[in-house]
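See below for the structure under consideration.
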Amino acid sequence: MFGSKKKKKISLEELMEQLRPDLSRESLGVGPDFPGVAPNPLMSGDARKRHAELRTGALALGVLVDWRELNSNPRLVMMFDVETADGITFRGIADETVTITELTRLAPGQTLPVRYRPAVMDHYVALARDADPAQVLQLSDEIARRKGA
């Protein structure tokens with residue numbers, strides 16, 4: 001056609017980094033293996049599967065580092081410094097819809113129970129809202145004991 005130019009195909013990751021640089025791998029503090037934040041997790045089969053697996057994942061403790069608001073539901077991407085019962089530490093990313101009340105109570109440095117997938121270790125975590133308080137306390141004591149030893 002007249003003056004048509006071939007356009008370079010842009011990947012979804014590149015598009016997301018252009019639209020939301022605050023959600024880039026660098027900004028979130030994760031490595032190049034992190035698959036990224038799904039624009040709409042309800043439309044992504046992989047995101048739905050990951051979310052279901054995380055809900056039954058292993059329990060760990062996450063210290064809230066920061067969060068980014070994705071929409072007004074409010075849907076947040078929350079960044080945690082996670083420590084597992086085995087002593088493994090990593091930067092975890094939770095993609096969560098929270099209530100306004102929960103949002104107003106969030107503060108950096110807050111420790112929250114999270115679930116992760118030990119077999120995958122892809123930086124994804126989920127808030128462990130269903131965790132038994134006694135189990136969370138036991139995990140906290142176990143981590144403290146290991147650090148003190």
Side-chain angles (χ1 to χ4, degrees), residues 10-149:
I10 189 166
S11 71
L12 182 59
E13 290 82 22
E14 292 170 326
L15 179 62
M16 283 300 292
E17 283 190 29
Q18 288 177 4
L19 294 174
R20 293 292 304 265
D22 60 325
L23 297 178
S24 70
R25 288 172 176 87
E26 275 184 29
S27 179
L28 296 174
V30 294
D33 295 333
F34 180 62
V37 176
N40 184 348
L42 299 177
M43 299 295 284
S44 166
D46 288 340
R48 286 192 308 270
K49 180 182 174 201
R50 179 180 61 246
H51 191 71
E53 289 173 356
L54 283 169
R55 293 293 170 212
T56 60
L59 191 61
L61 293 180
V63 176
L64 184 62
V65 175
D66 199 4
W67 65 89
R68 310 278 193 275
E69 199 166 332
L70 295 178
N71 63 24
S72 58
N73 280 0
R75 179 177 164 217
L76 307 176
V77 170
M78 305 165 78
M79 291 152 290
F80 292 95
D81 284 335
V82 178
E83 186 161 3
T84 70
D86 301 333
I88 299 169
T89 60
F90 63 95
R91 171 63 51 95
I93 306 296
D95 185 344
E96 298 280 346
T97 300
V98 298
T99 66
I100 296 296
T101 304
E102 289 172 320
L103 179 61
T104 60
R105 292 180 179 162
L106 288 179
Q110 193 174 17
T111 300
L112 298 167
V114 296
R115 294 198 183 277
Y116 71 105
R117 300 178 298 171
V120 180
M121 294 304 288
D122 59 358
H123 295 282
Y124 285 112
V125 298
L127 290 177
R129 294 181 168 135
D130 65 331
D132 177 25
Q135 191 179 15
V136 173
L137 183 59
Q138 180 183 3
L139 176 62
S140 179
D141 290 345
E142 191 176 317
I143 290 171
R145 217 176 5 263
R146 188 180 54 254
K147 284 183 177 180

- Distance col, row Thr104:OG1 vs Leu106:CG, nearest 0.5 angstrom, shows 8.0 Å
- Note on the structure: Tightest non-hydrogen contact, residues Ala126 and Ala94, listed as CA-CB, 4.4 Å
- Note on the structure: Between Arg91 and His123 the two heavy atoms that sit nearest each other are O-ND1, 2.7 Å
- Message: Determine whether Glu96 and Glu102 satisfy the following criterion, side-chain contact (heavy atoms from CB on, under 4.5 Å), listing intermediate values before the conclusion.
- Response: CA-CA 11 Å; Glu96 298 280 346; Glu102 289 172 320; over 6 Å; no
- Query: Looking at Arg48, Arg55, Lys49, which hits side chain to side chain donor-acceptor pair (under 3.5 Å) with His51?
  - Reply: Arg55
- In Å, rounded to the nearest 0.5 Å, how long is the span from CD of Gln135 to CG of Asp130? 9.0 Å
- Note on the structure: In terms of heavy-atom contacts, Ala85 and Arg146 come closest through O-NH1, 2.8 Å
- Just wondering, do Glu142 and Leu61 contact through their side chains at under 4.5 Å, heavy atoms? no
- Query: Can you check whether Asp66 reaches Pro108 side chain to side chain, under 4.5 Å on heavy atoms?
  - Reply: no
- Query: Looking only at heavy atoms, what is the nearest atom pair of Arg75 and Asp95, with distance?
  - Reply: NH2-OD2, 2.6 Å
- Should we count CD of Gln138 as having more than 12 external heavy atoms under 6.0 Å? no
- Message: Taking side-chain contact (heavy atoms from CB on, under 4.5 Å) as the criterion, tell me which of Val82, Thr89, Thr111 meets it with Val63.
- Response: Thr111
- How far does OG1 of Thr97 sit from CG of Leu103, to the nearest 0.5 angstrom? 11.5 Å
- Task: Kindly give the heavy-atom pair with the smallest separation between Pro113 and Leu59, and that separation in Å.
- Result: CB-CD1, 4.1 Å
- Do Leu64 and Met79 come within less than 4.5 Å of each other through their side chains, counting heavy atoms only? no
- Item | CZ on Arg50 to CZ on Arg117, rounded to 0.5 Å | 6.5 Å
- Query: Between CG of Asp122 and CG of Leu54, what distance do you get to the nearest 0.5 Å?
  - Reply: 7.0 Å
- Task: Look up atom CZ in Phe90 and atom CZ in Phe80, then write down how far apart they are to the nearest 0.5 Å.
- Result: 11.0 Å
- Between Val136 and Ala131, which heavy-atom pair has the shortest distance, and what is it? CG2-CB, 3.7 Å
